[in-house]
K.L.:
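I have a structure here, written as structure tokens, and I will follow up with some questions on it.
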Amino acid sequence: MDPAKEQRKATDICYALLTARARTRVELRDALLRKGIREETADLVLGKFDRAGLIDDAAFAEVWVRSRHTHQGLGRRALALELRRKGVADEVAAEAIAAVDDEAEEDRARDLVRKKLRTMSGLDDTTRIRRLVAALARKGYAEGLAYRVVKDELRRAGEDAEALEHLPQD
């Protein structure tokens, strides 16, 4: 393919992808390579997009963290993993994840447990506890936080204290 045509094609692909949602440089590069764009051309076009301010991994990470924490209920561990998969540098990801402080993470975990508890009325205590802690773990919440939140929310909901005694202590 003619280099000028390949650059136009790569540029068009990047614009189309960025129109749908913000992307990281790694995501764009991978997409270009999958579409048959040579590495040299991909790097050249992405360099132009960088200089134009159309690719900003730090801004992407900040928006991604805020959105996924708020709407999906993800904890910091899961957010870090997602950003790493998207090619965001660890230090950039850490800065974005720092926006989710301990209190915000715990509040979101409590919201998730309360919502899930409403659907578990017919289950025995052990099953409820196991499922609630597992749900938080899948969302990237630390084990200690998950047990503490489940224990607190079950007490708040007036659950039998005997089942709670088997949970690990803080």
K.L.:
Just wondering, more than 12 heavy atoms not from Glu103 lying within 6.0 Å of its CD?
P.N.:
no
K.L.:
Considering all heavy atoms of both residues, which atom of Glu62 and which atom of Ala96 are nearest to each other, and what is their separation?
P.N.:
N-CB, 3.8 Å
K.L.:
CG/Asp102 to CG/Asp107 distance, rounded to the nearest 0.5 angstrom?
P.N.:
10.5 Å
K.L.:
Whether the side chain of Arg108 engages the backbone of His69 through a donor-acceptor N/O pair (distance < 3.5 Å, no angle test) should be reported.
P.N.:
yes
K.L.:
Between CG of Leu112 and CG of Leu117, what distance do you get to the nearest 0.5 Å?
P.N.:
11.5 Å
K.L.:
With hydrophobic residues grouped by side-chain heavy-atom distances under 4.5 Å, do Val113 and Met120 end up in a single group?
P.N.:
yes
K.L.:
Any Lys/Arg nitrogen of Arg21 or Glu27 sitting under 4.0 Å from an Asp/Glu carboxylate oxygen of the other?
P.N.:
yes
K.L.:
Arg77 and Glu143: which non-hydrogen atoms are nearest, and at how many Å?
P.N.:
NH2-N, 3.9 Å
K.L.:
How many angstroms lie between atom CZ of Arg76 and atom CG of Asp101, to the nearest 0.5 angstrom?
P.N.:
7.5 Å
K.L.:
Evaluate the side-chain proximity of Leu83 to Thr24: yes if any heavy-atom separation is below 4.5 Å, no if none is.
P.N.:
no
K.L.:
Between Lys9 and Glu6, is there a salt bridge with N-O shorter than 4.0 Å?
P.N.:
no
K.L.:
Which residue in the set Asp12, Asp2, Ile37, Leu44 passes side chain to side chain contact (heavy atoms under 4.5 Å, CB included) when paired with Gln7?
P.N.:
Leu44
K.L.:
Do you know which of Arg34, Glu39, Arg23 makes side chain to side chain contact (heavy atoms under 4.5 Å, CB included) with Arg29?
P.N.:
Glu39
K.L.:
Answer with yes or no whether the hydrophobic clustering places Val88 together with Val26; edges join I, L, V, M, F, W, Y residues whose side-chain heavy atoms lie under 4.5 Å apart.
P.N.:
no
K.L.:
For Arg25 and Asp57, which heavy atoms make the closest approach, and how far apart are they?
P.N.:
N-OD1, 3.1 Å
K.L.:
Verify, without hydrogens or angle tests, whether Thr70 (side chain) and Arg66 (backbone) share a donor-acceptor contact under 3.5 angstrom.
P.N.:
yes
K.L.:
Is any side-chain heavy atom of Leu46 closer than 4.5 Å to one of Cys14?
P.N.:
yes
K.L.:
Do Leu28 and Tyr15 belong to the same hydrophobic cluster, where Ile, Leu, Val, Met, Phe, Trp and Tyr are linked whenever their side-chain heavy atoms lie under 4.5 Å apart, directly or via other members?
P.N.:
yes
K.L.:
Measuring from Asp111:CG to Glu153:CD, what's the distance to the nearest 0.5 Å?
P.N.:
8.5 Å
K.L.:
Of all the heavy-atom pairs spanning Leu79 and Val65, show the shortest one and how long it is.
P.N.:
CD1-CG1, 4.0 Å
K.L.:
Answer yes or no: is there a side-chain heavy-atom contact under 4.5 Å between Val149 and Tyr141?
P.N.:
no
K.L.:
Applying a strict under-4.5 Å side-chain criterion to I, L, V, M, F, W and Y, I'd like to know whether Leu123 and Ile129 cluster together.
P.N.:
yes
K.L.:
Nearest 0.5 Å, please: how far is CG in Leu136 from CZ in Arg110?
P.N.:
10.5 Å
K.L.:
Quick check for you: to the nearest 0.5 Å, what is the distance between Leu74 atom CG and Arg138 atom CZ?
P.N.:
12.0 Å
K.L.:
Please report the closest heavy-atom contact between Leu32 and Ala10, naming both atoms and the distance.
P.N.:
CD2-O, 3.6 Å
K.L.:
One thing to verify: whether Arg128 and Asp125 come together as a salt bridge, which I'm taking to mean a side-chain N less than 4.0 angstrom from a carboxylate O.
P.N.:
yes
K.L.:
Might you point out which heavy atoms bring Ala22 and Phe60 nearest each other, and give the distance in Å?
P.N.:
O-CE1, 3.3 Å
K.L.:
Is any side-chain N of the basic residue among Glu82 and Lys86 closer than 4.0 Å to the acidic one's carboxylate O?
P.N.:
no
